[in-house]
Asker: 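If you scroll down you'll find the structure; I have some questions about it.
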Amino acid sequence: MSYPSEPFINGRYTSSATGQPTNLINPATEEVFASVSSVQAKDVDEAIEGADRAFRQSWRDIPPGRRAEILFNIAKILRANVESIAQLESRCVGKPIADARDEVALGARVFEFYAGAVSKFGGQTLPVSRGGFDFTLRQPMGVVAAIVPWNFPFPIACWKVAPALAAGNTVVLKPASISPLSALLLGQLSVEAGLPAGVLQVLPGSGREIGNQLVLHPMVRKISFTGSTEVGRGIMELAARGLKRVSLELGGKSPNIVFADADIEQAATNSPMSVFGNTGQDCCARSRVLVERKVMDCFVEKFIAATKKLIIGDPASEATQIGPLVSAGQRAVVEDFMASARSQKRSIVSGGQRWGSKGYFFEPTIILEPEITDRVWREEIFGPVVCIRAFDDESEMIEEVNDSPYGLSGSIWTHDIRRALRVARRVESGVLSINSHSSVHVEAPFGGFKQSGLGRDLGMAAMEGYTELKNIYIAD
Ligand code: NAP
Ligand code: MG
């Protein structure tokens with residue numbers, strides 16, 4: 001299998017990058033399987049200047065119909081390459097191959113949606129009081145810097161790049177250091193699909209080294225970030241200097257609320273994958289389960305049984321549901337949380353240990369009834385660890401749910417529609433699902449309340465976020 005190994009700048013892989021190569025480690029085997037040249041300051045400048053030129057000289061003035069056609073072509077070429085992109089992704093981050101294929105297909109669907117959105121997105125005419133004629137335009141901003149993480153590298157790259165391009169911007173995409181391959185392929189395949197050179201630049205490199213430059217460069221008009229709350233906060237602080245637009249999709253500690261009248265069988269058997277899927281490295285992971293006390297024992301028993309059936313193992317195997325954590329560092333983070341739970345003598349009723357003899361595997365782990373002040377209850381673990389607590393009273397439970405700096409996602413299980421809607425209105429989070437764990441829909445806005453972020457990915461809301469709103473008045 002061949003791997004892209006150079007930054008993608010001005011329409012081609014460039015061998016002139018000045019940074020050090022970064023070795024990529026397969027987290028299932030702990031072996032180096034590829035190496036990618038990282039960019040340094042000079043390459044970042046070249047890429048941003050190229051993206052600014054591409055914006056002014058071609059992309060912003062290309063007729064919308066042609067822009068849509070190119071985005072459709074990108075979707076088509078992604079669909080033709082699902083297998084090769086999925087294989088790269090699976091090796092890079094240890095993602096089960098079946099999930100990797102679904103995620104590439106999701107990326108293609110995102111391009112299809114925004115290709116269609118180009119012709120359905122515009123301004124308004126407004127009946128202003130002084131008469132005359134008034135209308136608004138949605139105009140592109142210029143160069144957008146998209147900084148993306150390693151947990152869903154391909155779909156998250158697509159759901160920033162596609163709406164930004166659809167709205168007429170050019171994009172400088174920085175993948176996470178440990179997962180640059182699928183982003184590099186996206187750059188190459190986009191050009192093959194007809195995207196003019198420079199409209200999408202892909203810069204593998206260290207966030208710590210080039211992040212500030214991406215945020216502060218005067219030609220970058222907006223930063224769209226997904227990752228940790230800590231880095232997001234730093235980006236927002238820096239962006240304030242140039243009053244840059246930002247959208248931030250950050251961490252979560254999402255609740256999974258189970259009422260006694262719910263279909264307990266369905267809730268309990270569906271819930272393990274809502275937190276252990278992607279080995280828990282999911283900002284939407286339902287890592288705090290709150291169960292009405294009457295059904296606590298029954299729910300926990302079924303939840304444990306369903307967890308024990310999950311297939312852990314080689315990400316390349318079709319049947320695998322749970323792969324390794326992405327890195328030794330991420331496993332160390334999880335083990336640190338487990339050490340704190342053990343030191344407090346918490347009840348660990350399933351898992352809690354490394355799995356297998358090689359690879360960064362960790363067993364799906366269930367902790368019962370931690371205190372609400374515990375780190376494992378309050379902080380994002382980003383690993384396969386769930387906490388389950390019983391509740392008695394609906395209002396107190398909602399207070400407990402909202403007692404968190406985060407507010408990204410969540411689920412509510414009940415057959416009482418009035419209760420479902422009452423609780424959904426009061427839970428402080430950007431995305432909720434009722435009798436389901438589905439959080440991400442290409443057509444619907446995705447993002448967080450509170451410290452889970454700012455702005456929205458996906459849906460038409462994302463496209464608005466990549467435009468400036470201009471008002472034009474014409475006198476009679
Ligand atoms: P992170 O540092 O926030 O990384 C996300 C992206 O930001 C990567 O591309 C990273 O590049 C880049 N970055 C890092 N420092 C930067 C800086 N100073 N300026 C600009 N960009 C910068 O996340 P992480 O360290 O990989 O993971 C830490 C924790 O963050 C996880 O345990 C989890 O809790 C959370 N997280 C959340 C999400 C999410 O989906 N919301 C995703 C990933 C992680 P490098 O890869 O080169 O550092
Ligand atoms: Mg980091």
Side-chain angles (χ1 to χ4, degrees), residues 52 54-72 75 109-146 159-171 199 218-225 236 239-240 242-249 407 421-422 424-432 440-450 452-476:
D52 187 66
F55 174 70
R56 287 169 206 293
Q57 293 176 2
S58 68
W59 194 241
R60 74 172 169 191
D61 298 320
I62 280 180
R66 176 65 189 144
R67 209 189 299 151
E69 192 180 17
I70 293 170
L71 295 180
F72 270 124
R109 205 140 48 77
V110 169
F111 273 94
E112 285 156 3
F113 177 81
Y114 288 106
V118 169
S119 57
K120 293 154 199 78
F121 182 70
Q124 288 177 297
T125 56
L126 297 161
V128 291
S129 13
R130 71 163 50 231
F133 189 76
D134 191 279
F135 68 100
T136 62
L137 290 178
R138 285 275 179 192
Q139 293 198 302
M141 295 166 157
V143 180
V144 171
W159 74 51
K160 295 193 184 297
V161 170
L165 296 184
N169 304 279
T170 56
V171 179
V199 173
M219 284 172 179
V220 170
R221 296 291 174 82
K222 166 158 182 164
I223 301 95
S224 178
F225 172 79
M236 192 166 170
L243 278 173
K244 302 285 180 75
R245 280 59 175 149
V246 288
S247 67
L248 306 170
E249 200 268 278
L421 295 176
R422 189 167 67 231
R425 267 203 311 271
R426 289 178 58 197
V427 169
E428 295 168 347
S429 78
V431 181
L432 280 169
V440 170
H441 310 273
V442 173
E443 305 77 10
F446 176 76
F449 281 22
K450 302 191 282 188
S452 286
L454 193 75
R456 293 293 180 267
D457 285 313
L458 297 173
M460 297 308 277
M463 206 146 152
E464 283 179 17
Y466 290 110
T467 56
E468 295 286 1
L469 186 59
K470 180 180 282 180
N471 191 68
I472 297 179
Y473 174 74
I474 309 165
D476 273 337

Asker: Whether R66 and E69 form a salt bridge (side-chain N of Lys/Arg under 4.0 Å from carboxylate O of Asp/Glu) is what I want to check.
Answerer: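 Between R66 and E69 there is a salt bridge, with a charged N closer than 4.0 Å to a carboxylate O.
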Asker: Can you tell me how far CD of Q57 sits from CG of D52, rounded to the nearest 0.5 angstrom?
Answerer: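 If I round to the nearest 0.5 Å, the distance is 9.0 Å.
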Asker: With rounding to the nearest 0.5 angstrom, report the CG to NZ distance, D457 to K160.
Answerer: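 Rounded to the nearest 0.5 Å, the CG-NZ separation comes out at 3.5 Å.
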Asker: Search all heavy atoms of V431 against all heavy atoms of P445 and return the closest pair with its distance.
Answerer: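 Residues V431 and P445, closest heavy atoms: CG2-O, 4.4 Å.
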Asker: Considering all heavy atoms of both residues, which atom of S224 and which atom of V144 are nearest to each other, and what is their separation?
Answerer: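 So the two residues come closest at CB-CG1, 4.5 Å.
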Asker: Just so I know, are the side chains of W159 and V442 near enough to count as touching, which here means a heavy-atom distance under 4.5 Å?
Answerer: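 No. Closest side-chain heavy atoms not under 4.5 Å.
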Asker: With a 6.0 Å cut-off (strictly less than), is the heavy-atom count around CE of M236, excluding the residue itself, greater than 12?
Answerer: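 No, CE of M236 has 12 or fewer neighbouring heavy atoms, counting only those of other groups under 6.0 Å.
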Asker: If you take all heavy atoms of S452 and G407, which pair is closest and at what distance?
Answerer: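 Minimum heavy-atom contact is OG-N, 2.8 Å.
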Asker: Taking all non-hydrogen atoms of both residues, which atom of A75 and which atom of F111 are closest, and how far apart?
Answerer: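 Distance-wise, the nearest heavy atoms are CB-CB, 3.8 Å.
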Asker: Heavy atoms only: give me the nearest G465-M141 pair and the separation to one decimal.
Answerer: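 Smallest interatomic distance, heavy atoms only, reads O-CE, 3.5 Å.
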Asker: Check for a donor-acceptor pair, side chain of K244 on one end and backbone N or O of I223 on the other, with a separation under 3.5 Å.
Answerer: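 It does not hold such a pair.
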Asker: I need the minimum non-hydrogen distance between A115 and L71, along with the two atoms involved.
Answerer: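 Scanning both residues completely, I find the closest heavy atoms to be CB-CB, 3.7 Å.
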Asker: I'd like to know if the side chain of R138 reaches the main chain of G122, judged simply by a donor and an acceptor atom lying under 3.5 Å from each other, with no hydrogens or angles considered.
Answerer: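 Not a single qualifying donor-acceptor pair exists.
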Asker: Could you tell me which residues satisfy salt bridge (charged side-chain N to carboxylate O under 4.0 Å, His left out) with R245, sequence neighbours excluded, listed by chain and number?
Answerer: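 Salt bridge (charged side-chain N to carboxylate O under 4.0 Å, His left out) list for R245, sorted by chain: E468.
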Asker: Hey, what do you get for CG (L432) to CZ (R425), rounding to the nearest 0.5 Å?
Answerer: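 Separation between the atoms: 12.0 Å.
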Asker: What residue among V171, N169, I70 forms side chain to side chain contact (heavy atoms under 4.5 Å, CB included) with W59?
Answerer: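 The option that passes is I70.
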Asker: Do F55 and M219 touch side chain to side chain, with heavy atoms closer than 4.5 Å?
Answerer: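 Not in contact.
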Asker: Drop me the distance from Q124's CD to L469's CG, to the nearest 0.5 angstrom.
Answerer: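 So the gap between those two atoms works out to 8.0 Å.
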Asker: Compare all side-chain heavy atoms of L137 with those of T467 and state whether any distance is below 4.5 angstrom.
Answerer: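 The answer is no; the side chains never approach within 4.5 Å.
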Asker: For the CE atom of M463 and the CZ atom of F113, what is their distance to the nearest 0.5 Å?
Answerer: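 So the CE of M463 and the CZ of F113 are separated by 8.5 Å.
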Asker: Can you pull the side chain to side chain donor-acceptor pair (under 3.5 Å) pairs that have at least one residue in residues 113-123, sequence neighbours excluded?
Answerer: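 Applying side chain to side chain donor-acceptor pair (under 3.5 Å) to every pair that reaches into residues 113-123, excluding sequence neighbours, yields nothing.
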Asker: Could you measure the distance from the CZ atom of F449 to the CG atom of L454? Nearest 0.5 Å is fine.
Answerer: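 The distance works out to 12.5 Å.
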Asker: If you count every heavy atom of other residues, nucleotides or ligands that lies below 6.0 Å from R456 atom CZ, does the total exceed 12?
Answerer: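 More than 12 heavy atoms, drawn from other residues, nucleotides or ligands, come within 6.0 Å of this atom.
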Asker: A side-chain contact here means heavy atoms from C-beta on lying under 4.5 Å apart; do I474 and F135 qualify?
Answerer: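 Yes - at least one pair of side-chain heavy atoms lies under 4.5 Å apart.
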